[in-house]
Amino acid sequence: MAGLMDNYRFLARYNGWFNTRLYDACEPLDDAGRQAPRGAFFGSIHGTLNHILWGDMVWLGRLAAQVQAGEAALPAALLVLPAGARHETTLHADWAALRAHRAGLDAALQAWLAAVPDDYAQRTMRYRNTQGVAREHPVWQALTHLFNHQTHHRGQVTTLLAQAGVDVGVTDLIALV
């Protein structure tokens with residue numbers, strides 16, 4: 001029977017697949033189309049994709065800090081945020097750089113989750129949130145949040161793309177099975 005970590009490994013695979021489809025769907029739009037204000041919480045398609053990346057980097061940095069000596073590590077270079085970066089920060093104004101960072105992070109996440117021990121999700125996670133408040137909860141709750149956060153905002157991007165006349169196609173998780 002599959003364990004809890006197998007679920008997160010599957011979600012990471014789905015995550016990478018969906019992100020590739022999403023970024024491919026954005027390609028027909030020019031920079032102006034991707035960065036056009038569309039009334040979304042993060043303004044534009046580009047702004048929302050930057051926010052998803054920011055959130056991933058924040059949470060993956062926290063999650064990476066929970067591994068023990070000698071265990072698999074995420075590439076630190078993919079997790080470095082600019083000083084003072086916040087949820088609305090544009091990490092990459094350049095489309096190609098944003099897409100490359102996304103693809104690199106997705107590949108690293110899949111490889112990392114494949115390598116962490118099966119008990120990783122059951123560990124207690126300790127970190128400080130963006131307001132500096134100390135938090136403590138099981139790792140599995142943060143992993144669930146990581147994937148849920150992406151799903152939420154990718155749904156916003158698919159809506160923005162549909163409004164721009166772009167069909168992303170099938171994005172259901174079950175399509176991977």
Side-chain angles (χ1 to χ4, degrees), residues 1-23 41-42 48-89 91-92 98-159 168 170-177:
M1 181 161 99
L4 185 57
M5 282 307 301
D6 290 327
N7 178 62
Y8 295 114
R9 292 171 183 132
F10 177 70
L11 289 174
R13 197 173 111 226
Y14 168 70
N15 188 61
W17 173 80
F18 194 151
N19 283 334
T20 297
R21 290 180 64 84
L22 193 62
Y23 276 74
F41 191 74
F42 296 100
T48 305
L49 293 172
N50 263 284
H51 170 73
I52 296 169
L53 184 66
W54 172 85
D56 283 1
M57 292 169 69
V58 168
W59 281 102
L60 289 172
R62 292 170 181 163
L63 287 160
Q66 309 309 308
V67 299
Q68 298 170 0
E71 292 179 346
L74 277 161
L78 289 172
L79 304 177
V80 176
L81 287 162
R86 296 178 32 85
H87 67 278
E88 72 277 3
T89 298
L91 299 174
H92 297 287
L98 177 61
R99 185 168 189 164
H101 196 159
R102 172 81 270 157
L105 197 58
D106 286 346
L109 176 58
Q110 288 179 59
W112 178 63
L113 288 177
V116 296
D118 286 336
D119 73 342
Y120 178 73
Q122 302 300 333
R123 294 179 185 172
T124 300
M125 180 172 176
R126 293 172 184 87
Y127 64 97
R128 293 197 176 274
N129 69 13
T130 56
Q131 288 78 39
V133 176
R135 299 290 316 269
E136 183 176 312
H137 53 77
V139 166
W140 69 263
Q141 290 176 348
L143 284 168
T144 300
H145 173 73
L146 171 78
F147 292 114
N148 185 67
H149 180 260
Q150 279 211 21
T151 299
H152 168 70
H153 289 299
R154 281 193 307 245
Q156 292 172 337
V157 174
T158 62
T159 297
V168 177
V170 174
T171 59
D172 292 335
L173 181 137
I174 202 69
L176 263 182
V177 177

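Note that the structure is a prediction, hence the values are computed from the model and not measured.
Side chain of R154 to main chain of N19: no donor-acceptor pair is present (N/O by atom type, distance under 3.5 Å, no hydrogens or angles). Although no hydrogens or angles enter the test, the distance criterion places no donor-acceptor pair under 3.5 Å between the side chain of Y120 and the main chain of A115. Without hydrogens or angle criteria, R126 side chain to A134 main chain gives no donor-acceptor distance under 3.5 Å. Looking at N129, its side chain does come within 3.5 Å of a backbone N or O of Q131 through a donor-acceptor pair. Under the 3.5 Å distance criterion, the side-chain polar atoms of Q122 are left unmatched by any main-chain donor or acceptor of D119. The backbone N or O of R62 lies less than 3.5 Å from a partner atom in the side chain of Q66, making a donor-acceptor pair. In terms of modelled atom types and a separation under 3.5 Å, the side chain of Y14 and the main chain of I174 share no donor-acceptor contact.
Side-chain contact check for Y23 versus L98: some heavy-atom pair is nearer than 4.5 Å. Side-chain atoms of M5 and V116, non-hydrogen and from C-beta on, do get closer than 4.5 Å to each other. Between F18 and D106 there is no side-chain heavy-atom pair separated by less than 4.5 Å. By the 4.5 Å heavy-atom criterion applied to side chains, V58 and H87 are not counted as neighbours. Contact of the T144 side chain with the L11 side chain is not registered, since no non-hydrogen atoms from C-beta on lie closer than 4.5 Å. Between F10 and L176 the shortest side-chain heavy-atom distance falls below 4.5 Å.
The two residues M57 and V80 make their nearest non-hydrogen contact at CE-O, 3.2 Å. Heavy-atom minimum distance, E71 versus P117: OE2-CG, 3.2 Å. What you find for I52 and Q150 is that their closest heavy atoms are CG2-CG, 3.6 Å. The two atoms that bring A12 and L109 nearest to each other are CB-CG, 4.2 Å, heavy atoms only. When every heavy atom of L91 is checked against every heavy atom of P82, the shortest pair comes out as CD2-CD, 3.6 Å. When every heavy atom of L4 is checked against every heavy atom of A121, the shortest pair comes out as CD2-CB, 3.6 Å.
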### H149/W59 under ring pair (Phe, Tyr, Trp, His ring centres under 6.0 Å): CA gap, chis, key distance, verdict
CA-CA 10 Å; H149 180 260; W59 281 102; 8.8 Å; no
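Of the residues listed (L22, D56, L49), the one engaging R102 in a side chain to side chain contact (heavy atoms under 4.5 Å, CB included) is D56, and it is the only one. Remark: of the listed residues H92, E88, H101, H92 is the sole one forming a side chain to side chain contact (heavy atoms under 4.5 Å, CB included) with N50.
More than 12 heavy atoms of other residues, nucleotides or ligands shown are found within 6.0 angstrom of CH2 on W17.
For the atom pair L60 CG and L78 CG, the distance stands at 9.5 Å (nearest 0.5 Å). With rounding to the nearest 0.5 Å, the separation of CG in L53 from OG1 in T48 is 12.5 Å.
Outside the 6.0 Å centre-distance limit, the rings of H51 and F41 are not counted as a close aromatic pair.
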